[in-house]
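This chain uses plain numbering: 1 for the first residue, then up along the sequence.
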Amino acid sequence: MAAAKDDAEVLAIGGHDVRVSHPGKVVFPEPGLTKLDLVRYYVAVADGALRGAGGRPMVLKRFVKGIAVEPFFQKRVPENHPDFIDTATLHYARGTSAEEAVVRDAAGLAWVVNLGCLDLNPHPVRAEDLDHPDELRVDLDPMPGVDWSQIVDVAMIARDVLEDHGLVGWPKTSGSRGMHLLVRIAPDWTYAEVRLAAETLAREVERRAPGLATARWWKEERGESVFVDFNQNAKDRTVASAYSVRPLPDARVSTPLDWSEVPTRRPEEFTVATVLERYAELGDPHAGIDDAVGRLDGLLRLAEELGPAEKAPRGSGDGSGRRQSSMPLIEVARTETKPEALEALDRWKAAHAGVVPHLSPADVMVDGMRGSSSLWYRVRVNLQHVPEGERPEQETLLVDYDPWEAVRNRGS
């Protein structure tokens with residue numbers, strides 16, 4: 001290990017030299033983790049992390065200003081990438097394309113961490129076949145007011161549905177509030193077919209567990225349930241893969257679990273420090289995932305039996321073509337950051353104190369929305385539980401951030 005003059009260290013990893021700039025920079029103040037600590041973490045769990053992200057084109061989610069500031073998303077690989085980083089060019093439906101990074105070894109993991117990436121966000125395809133996913137992904141996303149035990153119940157039902165249709169689910173904590181289920185599949189289907197299979201899985205889970213789980217895409221219609229998010233299988237979507245460090249103060253990790261652990265373990269148990277110990281002792285619970293390749297024929301047959309999913313009503317009547325919600329929604333704010341969104345929500349609640357007691361946790365929605373290269377936030381309130389005569393009207397947004405303004409200005 002050699003120190004560079006510009007506050008950098010060069011690490012020898014698997015026959016490659018990887019430069020780590022500002023290695024002593026503290027990324028997670030609470031546990032005191034530095035940038036170099038994160039590099040060493042990923043090298044230590046490299047086999048497991050590469051099982052989830054290796055060989056796949058990856059969106060670079062860069063926290064260059066720390067975890068307290070929103071990251072920016074970089075699809076295109078930097079031009080000066082080292083020769084141990086492969087690339088693959090993805091083409092999107094809207095006519096754009098991006099040459100994305102493909103990591104294949106521990107040195108590649110260290111390189112992306114040096115760029116400011118905390119979690120790994122690979123696509124569900126291999127670089128060798130960009131049109132046919134080899135992984136079906138489901139995100140069990142709890143609505144506000146839902147506790148972990150309900151997520152566990154839904155996960156167990158989803159496992160049963162998968163097994164009934166010849167598939168093996170591999171659970172992991174999302175590293176946030178939910179759980180991910182990964183399913184290795186033969187690369188014989190298109191993105192649209194894989195998404196249909198995932199949606200069918202979600203609908204069947206909802207059928208078996210009404211009230212506990214929902215496949216409804218529109219958030220205001222879900223209630224206090226676990227959303228079986230099938231849309232993570234769309235072509236432009238990525239999810240944080242196994243062993244990803246998430247941008248939470250405790251340096252929480254998206255951690256693979258054995259099914260026997262699902263009922264008893266909780267997400268907050270898994271941090272960089274504890275996962276390093278766990279990995280050294282137990283190895284990777286998902287070590288067999290690549291040997292459990294299944295087929296989607298069963299779920300696609302079920303899709304035919306169930307018929308088309310109910311579509312949400314569209315058309316607001318104002319000529320905009322926007323969806324018309326069946327719920328009495330009002331929009332409070334659009335903001336650049338989450339703290340701004342929460343502050344706007346507090347202002348709205350203060351101005352409408354009489355309404356607040358009628359709201360359930362799921363009625364208040366603060367959603368991170370994908371902009372051109374970063375997240376922005378939308379605050380909405382569902383007034384379904386407020387007596388009709390007491391419902392506030394739609395008002396001027398407390399904050400009206402335009403996430404596309406910079407894009408338009410660049411094009412003008």
Heavy-atom side-chain contact between N382 and P328 under 4.5 Å: yes

Main-chain N/O of E336 paired with E70 side-chain donor or acceptor, under 3.5 Å: no

Residue pair D284 / G48: nearest heavy atoms and the distance that separates them: OD2-CA, 3.6 Å

Taking every non-hydrogen atom, the tightest pair across P23 and A8: CD-CA, 4.0 Å

Mutual orientation of the aromatic rings belonging to W111 and H81 [parallel < 30°, tilted 30-60°, perpendicular > 60°]: perpendicular

Any donor-acceptor N/O pair, W259 side chain to G169 backbone, under 3.5 Å: yes

Any donor-acceptor pair under 3.5 Å from W148 side chain to R265 backbone: yes

Which atom of E100 lies closest to which atom of Y92, heavy atoms considered: OE2-OH, 2.7 Å

R126 and D86 ion-paired at < 4.0 Å: no

Check: D119/N121 side-chain N/O donor and acceptor closer than 3.5 Å: yes

Aromatic centroids of Y41 and Y243 separated by under 6.0 Å: no

Side-chain donor or acceptor of R76 paired with backbone N/O of S97 under 3.5 Å: yes

Ring pair (Phe, Tyr, Trp, His ring centres under 6.0 Å) involving H16 - partner list, sequence neighbours excluded: F84

Check: T337/E340 side-chain N/O donor and acceptor closer than 3.5 Å: yes

Geometric class of the F227/F230 ring pair [parallel <30°, tilted 30-60°, perpendicular >60°]: perpendicular

4.5 Å side-chain heavy-atom contact, V226 and L212: no

Spacing of CE belonging to M58 relative to CD1 belonging to I85, to within rounding of 0.5 Å: 8.0 Å

Full working for side chain to side chain donor-acceptor pair (under 3.5 Å) between K172 and S254: CA-CA 6 Å; K172 70 180 181 72; S254 179; 2.6 Å; yes

Salt bridge present between R56 and D134 (N-O < 4.0 angstrom): yes

Full working for side chain to side chain contact (heavy atoms under 4.5 Å, CB included) between V381 and V332: CA-CA 7 Å; V381 177; V332 173; 3.9 Å; yes

Min side-chain heavy-atom separation R208-D160 under 4.5 Å: yes

Non-hydrogen side-chain atoms of L383 and L329 separated by less than 4.5 Å: no

Main-chain N/O of F73 paired to R62 side chain as donor or acceptor, under 3.5 Å: no

N/O donor-acceptor pair under 3.5 Å between S260 side chain and D258 backbone: no

Backbone of L201 reached by a side-chain donor or acceptor of E204 within 3.5 Å: no

Within 45° cone and under 6.0 Å: R334 NZ/CZ vs W376 ring: no

Non-hydrogen side-chain atoms of V168 and L162 separated by less than 4.5 Å: no

Sub-4.5 Å side-chain heavy-atom contact between L167 and L296: yes

D153 side-chain N/O to Q150 backbone N/O, donor-acceptor pair under 3.5 Å: no

Side chain to side chain contact (heavy atoms under 4.5 Å, CB included) between V27 and L33, intermediate numbers included: CA-CA 6 Å; V27 181; L33 290 173; 5.7 Å; no

Which atom of P187 lies closest to which atom of D129, heavy atoms considered: O-OD2, 4.2 Å

Donor-acceptor contact present, side-chain T274 to main-chain E269, <3.5 Å: yes

Spatial distance of atom CD (E30) from atom CG (L248) [nearest 0.5 Å]: 10.0 Å

Pairwise side-chain contact, L182 with P171, heavy-atom cut-off 4.5 Å (strictly under): no

R195 CZ to L136 CG distance, which is reported to the nearest 0.5 Å: 11.5 Å

CG-CG distance between D402 and D400, expressed to the nearest 0.5 angstrom: 7.5 Å

I185 CD1 to R137 CZ distance, which is reported to the nearest 0.5 Å: 10.5 Å

Salt bridge (Lys or Arg N to Asp or Glu O under 4.0 Å) between R266 and E261, worked out: CA-CA 9 Å; R266 295 186 65 87; E261 298 179 291; over 6 Å; no

From CA spacing to verdict: side chain to side chain contact (heavy atoms under 4.5 Å, CB included), L38, F28: CA-CA 10 Å; L38 292 175; F28 288 93; 4.0 Å; yes

Heavy-atom pair with the smallest gap, counting every atom of K75 and A98: CB-CB, 3.9 Å

Intermediate values then yes/no, side chain to side chain contact (heavy atoms under 4.5 Å, CB included), V272 and V253: CA-CA 6 Å; V272 166; V253 171; 4.1 Å; yes

Q232 and D229: CA distance, side-chain angles, deciding distance, side chain to side chain donor-acceptor pair (under 3.5 Å) verdict: CA-CA 7 Å; Q232 301 300 336; D229 188 353; 2.7 Å; yes

Worked verdict on D363 versus H385 for side chain to side chain donor-acceptor pair (under 3.5 Å): CA-CA 8 Å; D363 288 338; H385 296 118; 2.7 Å; yes

Short side-chain donor-acceptor distance under 3.5 Å, D7 and S21: no

Full working for side chain to side chain donor-acceptor pair (under 3.5 Å) between E135 and H123: CA-CA 9 Å; E135 185 170 84; H123 291 271; over 6 Å; no

Straight-line distance of F63 CZ to L115 CG, nearest 0.5 Å: 13.5 Å

Side-chain donor-acceptor pair present, R19, N114, cut-off under 3.5 Å: no

Note, L120 side chain near V112 side chain (heavy atom, < 4.5 Å): yes

Considering all heavy atoms, the nearest L130-V125 contact: O-CG1, 3.8 Å

Under 3.5 Å donor-acceptor, E331 side chain and R378 backbone: no

